[in-house]
Amino acid sequence: MKCRVCRGPAVIDIRRHNANFCKEHFLRLCRDQVTKTIAEFDMIAPTDRVLVAVSGGKDSLAVWDLLLDLGYDADGLYLGLGISDYSDTSGQFAKDYAAGRGAKLIEIDLPSEYGFDIPAGAKAVKRAPCSACGLSKRHLFDKAAMDGGYDVVVTGHNLDDEAAVLFGNTLHWQTDYLGRQMPVLPARNGFPKKVKPLVRLGEREMAAYCVLQGIDYIVEECPMASGNKHIGYKEALNAIEATSPGTKHTFYFGFLARAAERFRDDVEAERDALLSCARCGAPTSNEVCQFCRLSERAAGAQPVKMSATRTKSPA
Ligand code: Q46
Ligand code: ZN
Ligand code: ZN
């Protein structure tokens, strides 16, 4: 197996590119793909203050590392979600990376700062854990970005994540979600700008990137992900990709090029109708935002004991 660029020994094959790469040229490929994505979708200006949503997993640490190497002024934000040992361990990976790199990591702890954790919160509002978790993460990242004066929030969603979400939204024709599934969401009505610079890179590449860069990340998946539909969507797409390399890329980038615009009106109408939350001032479609309703009902609820199942995380 030889590197496509230098013909030296390759460390990874990327079937959708029909090519192998040595360490040096694979790392360069990752940087080039991120640079290309940032430029193509006008994601981050050179002087922007960037806030990276860091989970301690491979994708968020890789995107933070790539942005720092590319010279961006990028701080990290870690949210402690109170998901048993998983949160403690993942938080430690985020802290260790920040310390090793001399980067700034902002930490917000849901149990100590808001009085509930995700398992208890989900139970209190009778939502699936990932639903309660997702809305909490969105709310707290938006708030931290607005409070901290950041220009843009970065998340580590990769091509596998985006293709799986698109697959699920298409299967159910969730047109409002389809209209929102862009790699860039502009700042508007109290929401910060949000971008996904890893959409040209896959899950396997991000794991390889971390290994080759010597970045330690949490390998085990969140114990609350079991039963999440995205796991099934990823597995279905992986089966297709195995026989038709490049299908995920074509599916997602074809959607962006030929279909995404058609769903924009659903999002515009929804965003124009937003109010300010009566409790916290965040943009919301109801009098009180979903996060405030969740925290009001969950605060004081007993922590939920969890079993330590390990499954694939959806995001
Ligand atoms: S952390 Fe939260 Fe994920 Fe765990 S509870 Fe679900 S959404 S799986 S990325
Ligand atoms: Zn090479
Ligand atoms: Zn609120």
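Indexing begins at 1, ligand by ligand and atom by atom, following the structure's order.
Seen from the ring of Phe253, Arg200 counts as a face-on cation partner, given the 6.0 Å and 45° thresholds.
Atom 4 (Fe) of ligand 1 has no N, O or S atom of Cys130 closer than 2.8 Å.
Classification of Glu107 and Lys95 as a salt-bridged pair holds, one side-chain N sitting under 4.0 Å from a carboxylate O. The pair Glu261-Arg264 counts as a salt bridge, with a side-chain nitrogen and a carboxylate oxygen less than 4.0 angstrom apart. Looking at Asp160 and Lys234, no side-chain N of the basic residue comes within less than 4.0 Å of a carboxylate O on the acidic one, giving no salt bridge.
Applying the 4.0 Å criterion to heavy atoms of Ala225 picks out, from ligand 1, the atoms 8 (S). Taking every heavy atom of Lys137 and a limit of under 4.0 angstrom, the matching atoms of ligand 1 come to 1 (S), 2 (Fe), 3 (Fe), 7 (S), 9 (S). Listed by atom number, the atoms of ligand 1 under 4.0 Å from Met224 heavy atoms are 5 (S). Near Cys133, meaning under 4.0 Å from one of its heavy atoms, ligand 1 places the atoms 1 (S), 2 (Fe), 5 (S), 7 (S). Close approach to Cys222 involves these atoms of ligand 1, each under 4.0 Å from a residue heavy atom: 1 (S), 4 (Fe), 5 (S), 8 (S).
Shown here are the protein N/O/S atoms lying under 2.8 Å from the Zn ion (ligand 2), water excluded: Cys3 SG, Cys6 SG, Cys22 SG, His25 ND1.
The side chain to side chain contact (heavy atoms under 4.5 Å, CB included) test applied to Thr250 returns no partner, not counting sequence neighbours.
Taking both residues in full, the closest heavy atoms of Tyr78 and Ser55 are given as CE1-O, 3.6 Å, listed atom of the first, atom of the second, then distance. The nearest pair of heavy atoms linking Asn238 to Lys248 is OD1-NZ, 2.5 Å.
Side-chain heavy atoms closer than 4.5 Å link hydrophobic residues (I, L, V, M, F, W, Y) into clusters, and following such links, even through other members, never connects Val153 to Leu198.
By the neighbour-count criterion of 12 heavy atoms within 6.0 Å, atom OH of Tyr177 is sparsely surrounded, having that number or fewer from other residues, nucleotides or ligands.
Put simply, no part of Glu221 is less than 4.0 Å from ligand 1, judged by heavy atoms.
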